[in-house]
**Q** 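Before I ask anything, here is the structure I am working with.
Throughout, a chain's letter reflects where its sequence line sits, starting with A, and its residues are numbered from 1. Being a predicted model, the structure only gives us computed values, none of them experimental.
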Amino acid sequence: MAAISREEVAHLARLSRIEMTPDELDHLASEMQLILGAVARVQEVAAADIPPTSHALPMTNVFRPDVTKPSLSPEDALSGAPAREEDRFKVPQILGDAE
Amino acid sequence: MALNYDQAVEKYEPTLGLEVHVELNTNSKMFCSCSTVFGAEPNTQTCPICLGMPGALPVVNAKAIESSILIGLALNCSIAPYSRFARKNYFYPDMPKNFQTSQYDEPICVDGYLDVEIETDEGPKTFRVDIERVHMEEDTGKSLHVGGATGRIHGAEYSLLDYNRAGIPLVEIVTRIVPGTGKYAPAVARAYVTELRDILRSLGVSDVKMEQGSLRCDANVSLAPIGSGKLGTRSETKNVNSLRSVERAVAGEIVRQANRLEAGERIVQETRHFLEESGETRPGRSKETAEDYRYFPEPDLVPVAPDAAWIEELRATLPEKPSTRRKRLQEAWGVSDNEMSSMVNAELLDTVEATIALGADPARARGWWLGEISRLANEKEVHPTELINAAQVAEVIALISSGELTDKLARGVVEGVIAGEGSPRDVIEKRGLKVVSDDGALMTAIEAAIAAQPDTAERVRGGNIPAAGALIGAVMKSTGGQADAAKVRELLLKHLGQG
Amino acid sequence: MSMIHKTATEMAQALADKSITAVELTQQHLDRIAAVDGDIHAFLHVDSEGALAQASESDKHRAAGTARSALEGIPLALKDVLTQKGVPTTCGSKMLEGWRPPYDSTVVTKLKNAGVVILGKTNMDEFAMGSSTENSAYGPTHNPWALDRIPGGSGGGSAAALAAFEAPLAIGTDTGGSIRQPAAVTGTVGVKPTYGGVSRYGLVAFSSSLDQAGPCARTVLDTALLHEAIAGYDERDSTSINAPVPQVVAAAKRQDVKGMKIGVIKELMGDGFQKGVLDSFKQSLDLLQEQGAEIVEVSCPSFDYGIAAYYLIAPSEASSNLARFDSMRYGIRVGDDGKRGAEEVMSATREVGFGKEVKRRIILGTYALSSGYYDAYYGSAQKVRTLIKRDFEAAFGVADVLVSPSTPTTAFKIGERANDPLAMYLADITTIPVNMAGIGGMSLPSGLSADDGLPVGFQIMSPAMQDDRMYRVGGTLEAALNDKLGKPVWAQAPELAVK
């Protein structure tokens, strides 16, 4: 059974952008251990020759024609925005670089 | 003592890798029906889907698939019989879903190549750039950083987001590593991006304007000591916004890395930004750990399985390769490699071809575009086609060929068209630039010239033909240069008994 | 005369007979909600104004002779995970407190077009993650059969609303049993259609490859009528089935299972199943046999791995689907004091906006998708999915429908499993395989458990795109049961103290 450390959970929390308290991290580490222990059994039957299923019903080539349709008004687009400046979403300063 | 470029490539072998992003020119976005028109007011081209609202679902744009396949075919790729979208998960405010719908291990096109030709010391040489993959993805929104010292990202107080661009279709073209370019690495890189751009333009799938961001290039460079047989650590340089920058960025990285290696320092695998002003690169903001994108197949989209018949249909629509076309035109026009290069480098090949297609004499067409018009364009620091168009130039050339304009008069006409005075005929009218070829008017001027220089006239009557030059010159002067010189000469000589 | 204890079919007849108006019918339900929902807490938002306006519209249509469907004017409760324009949609989470979507989900559009009156939004486990509705950020819903017991989850609000006669129709969503398990523990009917049968456009995603919206009501026929109203191809959902809606209403009315083979799944009735549940299940099997069906036993060994695979796939997809909740474009924002950057504000918001179970699953899902762990966890789970599909295919080769108890126990007490996630997850052992394979599943009441007098659910599963089969068997069983018991299970719910 994979031992999952508090550091690993902290790393996962960072990857998911959730600022957890030290208590939460500890609790989660032990819960993860339990749950992973229970779900790891999928490996018992996951033989190499079994293809994975990502879609329940096999379908391919679902497209739409390259035609424009009316967009939302900026009012509607911004209706839920926690903060805005004129017609743009206002967000706290972005410190990193774009990909 | 710092190494310069030549010294760097004497000791080190560069390896190149290029990633190019192309913004497709579809009418609607990749996964929704919002318009993609450039320059609209902020957040006027968004919807629940491209804003990543709860409950929204993507639907693939058929034209984007078509364009991607065309690109793959033009690059000699195999089209995957079965390809899938995948989610690339990471957080950034310009990405509404905080994942990008892209492709991972099942891209739409694989294993292609592009041959590029460059000038070397030993003459023209062809390099084959192998293409690993072509895949589809979506663009992000645009952020404006407000406050802070320079308005650039560091030190900003807050940011403003416009999602009009979010969801516009992007195609990413990734090369395999390109070894063996030696000191020509920068030139090969530039030639590759140039040729790629020309192909994309000929396919009509994108505006491919690097300055506007519809063609973006990331250059990967690594160095290894010559003969070591190893590969060095690579850096990735982004923000390369022009063909010239591609060349400079690669050269700059070679110099930087060589000097580090000389100093015994190791190369950090990192993303760097190209700085236009200095031609150098600076490191991007370092990340604590490499990003884990946690790719998995996109459950909201089904696989793309283009059938062989459709692929062949598309293949049949492929236009002539730019390099093939260039060879064909060169042969048809009978021009030298140098002349050909001049036109290509000045980005005037299409225009010259169009001018000739409208009936203009080929040599004159080339001469005017590469000569007078380019000269004027350079003065104004714009591209020649921004001053005047092929139809107008063809019209002027036709008037020269028919004798209604002399070269000198034509220069005045071109000037007038550029100044916005109207069409060539309008300018001729307004400025009164028409060639005077009416015999009567010419004879009047000729007789006046003879009367003013009787001795010269005598000499011509006596068989001294070259002496006629002074009289012709006088006629030209008196007609303000608008007389048809050849006609003047003909009439003059005849009048003096020598025609 | 109060009609709230009637079936939707009976209400529709009364509306057609003009013995009641839609406005009166809606008002009766609003009054009922006001009277009992203080104890039940099925609703998060009651849209009295909107509902009465819709009812008034309905009456106008009826008067003009343009009734839009068989459900014209019938009130309905909508699980708060589907967007309804301008109406608060919280998904049971603090993260979306106060959010009013700018667009309708396709399900809502279809309901409005059918003239159905949407009374309000019902309570649910946060972002559909749970089996008891105890994970709602707004407090649990109480089972009308015993107020100290859970109504099931994640769609406990919709099921409780039906059982408490607050609405005759409801919409739920089912990812691992969230329609069927609540139906089972509240003595009502709930159906998860074949995946792709009902559009997911506007359904806030939990696990995209498993989620499906479905009809809920007190009778099989009412459920069928609602099924036909909401199902159908939607071009805005790429996973939508492009085929006619199965004729489920006709199937529900058929009342005949002669000659049908009913497969009992060996692996879904073993350890951990409450005696009263198993006994009730066997009694229903006997009834079906009496009606002329043949009972056969089938084995689906991969189902033993269903829960494990589900609790890898669903959290993985959820970790990606919930990444969009970052406080930038909608939802709450926490910690923005002008000094903290975007990443910090995102992280602070998600810490406070998400509840424990959601955070647990995001971490689990992020882990399962991480590089290095993908193959062992997510990748392996996808293979189990293939095995489950194969087992179903084999089983449907010998049986027309498959059956099992809907859930191993009757309603457990509120708080009983709240601190034991693994015990909580076991509630879905019988329902999960259906979602994994994408086939259809129904739960209808099979009686009351002898050991505690609480409702027991009987699950019927039909092959993909053959949803009519489960309605045929369900309708027959329901009629036989009503004959045997004298009155329907739902009519035996205890009287609620009316305020």
**Q** Which bit of P92(A) comes within less than 4.5 Å of chain B, counting heavy atoms only: side chain, backbone, both or neither?
**A** backbone
**Q** Looking only at heavy atoms and a cut-off of under 4.5 Å, which of E85(A), E75(A), R84(A) has the most pairs with chain B?
**A**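 Result: the option with the highest number of such pairs is E85(A).
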**Q** In terms of heavy-atom pairs under 4.5 Å with chain A, which of M53(B), R294(B), E41(B) leads?
**A** R294(B)
**Q** Tell me which of these, N98(B), D307(B), N61(B), has more heavy-atom pairs under 4.5 Å with chain A than the rest.
**A** N61(B)
**Q** A side-chain contact here means heavy atoms from C-beta on lying under 4.5 Å apart; do P48(B) and L72(A) qualify?
**A** yes
**Q** How far does SG of C32(B) sit from NZ of K69(A), to the nearest 0.5 angstrom?
**A**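 Atom-to-atom, C32(B):SG and K69(A):NZ are 11.0 Å apart.
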**Q** Would you say that V304(B) contacts F63(A) through its side chain, given a criterion of any heavy-atom pair below 4.5 Å between the two side chains?
**A**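 The answer is yes; the side chains approach within 4.5 Å.
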**Q** Sort L51(B) into side chain, backbone, both or neither according to what part of it lies under 4.5 angstrom from a heavy atom of chain A.
**A**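 The answer is the side chain of L51(B).
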**Q** What's the separation between atom CD in E157(B) and atom CD in Q93(A), rounded to the nearest 0.5 Å?
**A**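 These two atoms lie 8.0 Å from each other.
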**Q** With only heavy atoms counted, which part of S143(B) is less than 4.5 Å from chain A, the side chain, the backbone, both or neither?
**A** side chain
**Q** Do the side chain of R64(A) and the main chain of V59(B) share a donor and acceptor less than 3.5 angstrom apart?
**A**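 Pair found, side chain donor or acceptor close to backbone of V59(B).
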**Q** What part of F296(B) gets within 4.5 angstrom of chain A, counting heavy atoms only: side chain, backbone, both, or neither?
**A** neither
**Q** For a 4.5 angstrom cut-off between non-hydrogen side-chain atoms, does H55(A) reach P303(B)?
**A**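 H55(A) vs P303(B): side chains touch.
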**Q** Given heavy-atom pairs under 4.5 angstrom as the criterion, report whether the side chain, backbone, both or neither of I65(B) touches chain A.
**A** side chain
**Q** Roughly how far apart are E86(A) CD and L160(B) CG, rounded to 0.5 Å?
**A**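 Interatomic distance, E86(A) CD to L160(B) CG, rounded to 0.5 Å: 8.5 Å.
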**Q** Nearest 0.5 angstrom please: I94(A) CD1 to D94(B) CG, how far?
**A**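 One gets 7.0 Å once the value is rounded to the nearest 0.5 Å.
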**Q** List the atom of S35(B), the atom of S71(A), and the distance in Å for their closest heavy-atom pair.
**A** N-OG, 4.4 Å
**Q** Could you look at E298(B) and say if it's the side chain, the backbone, both or neither that has a heavy atom under 4.5 Å from chain A?
**A** backbone
**Q** Contact part of C50(B) toward chain A, heavy-atom cut-off under 4.5 Å: side chain, backbone, both or neither?
**A** neither
**Q** Side chain, backbone, both or neither: which part of P297(B) has a non-hydrogen atom closer than 4.5 Å to chain A?
**A**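 Contact with chain A involves the side chain of P297(B) alone.
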**Q** Between N27(B) and T68(A) (side chain of the first, backbone of the second, donor and acceptor by atom type, cut-off under 3.5 Å), is there such a pair?
**A**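 No; judged by distance alone, with no hydrogens or angles, the pair does not exist.
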**Q** Give, as side chain, backbone, both or neither, the part of M95(B) having an atom under 4.5 angstrom from any heavy atom of chain A.
**A**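 No part of it gets close to chain A.
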**Q** Quick check on the interface: out of T140(B), T44(B), D162(B), I49(B), who has the most heavy-atom pairs with chain A under 4.5 Å?
**A** T44(B)
**Q** Short question: side chain of D66(A), backbone of S28(B) - any donor-acceptor pair under 3.5 Å?
**A**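 Between the backbone of S28(B) and the side chain of D66(A) there is a qualifying donor-acceptor contact (under 3.5 Å).
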**Q** Can you tell me how far CH2 of W310(B) sits from CG of N61(A), rounded to the nearest 0.5 angstrom?
**A**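 One gets 7.0 Å once the value is rounded to the nearest 0.5 Å.
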**Q** Distance check, rounded to the nearest 0.5 Å: S54(A) atom OG versus L301(B) atom CG?
**A** 11.5 Å
**Q** Is there a side-chain contact between N43(B) and F89(A) (heavy atoms, below 4.5 Å)?
**A**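 Counting from C-beta outward, N43(B) and F89(A) do come under 4.5 Å.
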**Q** Above 12 or not: heavy atoms from other molecules or residues under 6.0 Å from NE2 of H21(B)?
**A** yes
**Q** Could you name the residues of residues 100-109 of chain B that have a heavy atom within less than 4.5 Å of a heavy atom in chain A?
**A** none
**Q** Measuring heavy-atom distances to chain B, does V67(A) have an atom under 4.5 Å in its side chain, in its backbone, in both, or in neither?
**A**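 Contact with chain B is through the backbone of V67(A) alone.
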**Q** Side chains of L161(B) and R88(A), heavy atoms from C-beta outward: is any pair under 4.5 Å?
**A** no
